[in-house]
There are 2 protein chains.
Amino acid sequence: MSFSPLEVLLTTDIVLFTIQQERLKVLLIRRGSDPYKGCWALPGGFVQEGESLGECARRELLEETGVDEAYLEQLYTFGDPDRDPRGRVVTVGYFALVRSDELILEASTDADAAAWFPADELPDLAFDHAEILRVARERLSAKVEYSSIGFQFLPVEFTLRQAQAVHEAVLARSLDKRNFRASLKARGLVKGTGRKIQDGPHRPAELFRLATDEPVKIFK
Amino acid sequence: MSFSPLEVLLTTDIVLFTIQQERLKVLLIRRGSDPYKGCWALPGGFVQEGESLGECARRELLEETGVDEAYLEQLYTFGDPDRDPRGRVVTVGYFALVRSDELILEASTDADAAAWFPADELPDLAFDHAEILRVARERLSAKVEYSSIGFQFLPVEFTLRQAQAVHEAVLARSLDKRNFRASLKARGLVKGTGRKIQDGPHRPAELFRLATDEPVKIFK
DNA sequence: CCAAAAGTGTTCGTACTACACCCATGC
DNA sequence: GCATGGGTGTAGTACGAACACTTTTGG
């Protein structure tokens with residue numbers, strides 16, 4: 001290694017998903033400075049001294065969106081030489097999941113700079129963020145099927161209907177109610193609390209919670 | 001972004017797997033310079049100007065091991081602030097698979113600087129390379145079960161016994177011959193060539209090849 | 001004829017699919 | 001009493017796991 005190594009700028013970009021109105025949504029921010037000023041983009045920013053990649057992603061998420069607690073997972077690293085007009089900037093993509101009921105926190109950031117978009121109606125995005133988002137959606141869909149990651153969108157106690165709506169939103173197809181419930185039971189994933197919730201002119205639904213403490217359980 | 005962003009050094013490190021004597025092996029190189037001089041480490045090196053991450057991994061693989069054609073896939077990015085004593089060095093881990101019969105190429109590199117180690121008898125490694133290797137093994141094992149990635153270890157034509165041996169080596173457990181073959185047939189993964197190969201005092205085996213052109217097919 | 005690997009089917013349990021009706025509640 | 005979502009079971013099919021013997025060849 002006698003050549004002088006190339007120094008690069010390193011960022012993390014976060015694809016933050018949630019469910020609203022039973023639809024999968026993604027948080028985007030409007031860029032306030034060049035390049036791509038005024039464009040929609042993923043939240044993210046430069047890695048700082050003494051900070052790990054995951055710490056950086058968590059910090060950026062908090063700073064740019066006000067989201068404090070979220071499931072966070074490294075996705076993929078994008079480093080094509082010309083992906084950023086400023087020069088050599090490599091980004092480590094993350095994806096993050098928050099519960100719908102934490103979204104009040106979103107108001108803590110400057111209001112018109114951030115917005116939730118339905119995952120299937122996205123605007124044009126800055127840099128290669130459309131590609132990062134595509135990879136994130138792919139990974140999320142796959143993981144919902146073979147792990148319990150989908151429950152990250154739900155509060156600690158939830159009804160089975162809510163759970164099914166979340167899975168349907170992520171997979172973008174409808175599921176059979178009896179099969180969905182049977183599968184949860186077969187996997188021993190949820191346990192009833194005995195308590196019920198009444199939210200309309202119909203029979204009250206039982207509240208459930210995850211049976212295990214591990215946040216995300218891989219099936220099989 | 002008013003602060004001045006941190007510049008980092010970026011490397012790729014490659015976990016190169018193969019199968020020899022029906023065992024899963026990993027290629028390591030002995031470091032010729034500090035830090036960790038004399039230690040075993042993964043092949044890899046600094047990303048250069050104008051080079052994408054995948055190109056860097058492929059180049060390092062060629063330069064350090066003489067391996068030209070290999071299946072290559074990005075694994076995970078490791079960026080803890082203190083993972084490298086030289087300063088802030090972030091590495092993008094890759095894993096690569098080569099066929100056993102390409103290993104003659106390995107002699108093209110300086111002989112005692114590189115060696116194959118059984119995946120379950122590894123020496124101490126430099127940096128956080130033990131962790132990178134752990135992640136790579138995990139990913140490889142998982143992927144062998146739900147994709148046709150294992151055939152990357154085999155030549156274009158192979159016997160079913162060879163295919164089974166490869167899968168057994170990766171999974172570190174023995175498989176049932178009839179089930180293995182039935183599963184290949186059910187998936188329509190391989191097709192017989194009609195030709196046979198004779199390699200000992202026993203009935204000759206038919207040669208097979210992959211039924212599809214796609215290098216790696218995901219099941220289900 | 002012996003050693004060595006090639007080749008081949010069935011049974012069982014488990015998991016996914018499709019599918020329809022009664023129940024509890026508020027208005 | 002009616003509208004709304006809550007809750008439940010069964011039959012068919014597909015897939016993975018366990019399991020043993022005959023065939024072909026070289027020596």
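Residue numbers begin at 1 in each chain, while the letters A, B, ... track the order of the sequences.
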Quiz item: Any side-chain heavy-atom pair from B/Leu210 and B/Leu189 closer than 4.5 angstrom?
Solution: yes

Quiz item: Can you tell me how far OG1 of B/Thr18 sits from CD of B/Gln152, rounded to the nearest 0.5 angstrom?
Solution: 11.5 Å

Quiz prompt | Close approaches to DNA chain D from residues 167-179 of chain B, in residue order (heavy atom, under 4.0 Å) | solution = B/Asp176, B/Arg178, B/Asn179

Exercise. For B/Glu51, enumerate each residue passing the salt bridge (charged side-chain N to carboxylate O under 4.0 Å, His left out) test, keeping only those at least two apart in sequence or located in another chain.
Key: B/Arg59

Could you list the donor-acceptor pairs under 3.5 angstrom formed by side chains in residues 130-143 of chain A, with sequence neighbours left out?
residue, atom, partner, partner atom, Å
A/Glu131, OE1, A/Arg134, NE, 3.1
A/Glu131, OE1, A/Arg134, NH2, 3.4
A/Glu131, OE2, A/Arg134, NH2, 3.1
A/Arg134, NH1, A/Glu138, OE2, 3.0
A/Arg139, NE, A/Glu73, OE2, 3.4
A/Arg139, NH1, A/Leu75, O, 3.1
A/Arg139, NH2, A/Gln74, O, 2.8
A/Ser141, OG, A/Arg137, O, 3.0
A/Lys143, NZ, A/Glu73, OE1, 2.9
A/Lys143, NZ, A/Glu73, OE2, 2.8

Practice problem: Round to the nearest Å and state the distance from A/Glu206 atom CD to C/dC23 atom P. | Solution: 18 Å

Exercise. Can you tell me the distance, in whole Å, between the CZ atom of A/Phe208 and the C1' atom of D/dT8?
Key: 12 Å

Practice problem: Starting at atom CZ of A/Phe158, determine the distance to atom C1' of D/dG6, rounded to an integer number of angstrom. | Solution: 16 Å

Self-check item: Integer-rounded Å distance: C/dT25 C1' and A/His202 NE2
Solution: 8 Å

Quiz item: How many angstroms lie between atom CG of A/Asp120 and atom NZ of A/Lys25, to the nearest 0.5 angstrom?
Solution: 10.0 Å

Practice problem: Find the distance between CG (A/Asp128) and CZ (A/Arg83) and round it off to the nearest 0.5 Å. | Solution: 4.0 Å

Quiz item: Is there a side-chain contact between B/Val166 and B/Val144, using heavy atoms and a 4.5 Å cut-off?
Solution: no

Practice problem: Check whether any side-chain N or O of B/Arg203 sits under 4.0 Å from OP1 or OP2 of C/dA5, and answer yes or no. | Solution: no

Self-check item: DNA chain C-proximal residues of residues 137-147 of chain B, any heavy atom under 4.0 Å
Solution: none

Quiz prompt | Name of the residue among A/Phe158, A/Phe151, A/Phe153 meeting ring-ring contact (aromatic ring centres under 6.0 Å, His included) with A/His167 | solution = A/Phe151

Quiz prompt | Rounded (10°) bend between the five-pair end axes of the helix from C/dC1-D/dG27 to C/dC27-D/dG1 | solution = 10°

Quiz item: B/Thr65 side chain to B/Leu61 main-chain N or O, any donor-acceptor pair under 3.5 Å?
Solution: yes

Quiz item: From D/dT25, D/dG7, C/dG7, pick the nucleotide closest to the side chain of A/Ala205?
Solution: D/dG7

Exercise. Using heavy atoms to find the nearest nucleotide of DNA chain C for B/Pro201 and B/Pro204 separately, return the residue whose nucleotide is more 5′.
Key: B/Pro201

Quiz item: Any side-chain heavy atom of B/Ile149 sitting closer than 4.5 Å to one from B/Phe95?
Solution: yes

Quiz item: Contacts to DNA chain D from residues 180-199 of chain B, heavy-atom cutoff under 4.0 Å, which residues?
Solution: B/Arg187, B/Gln198

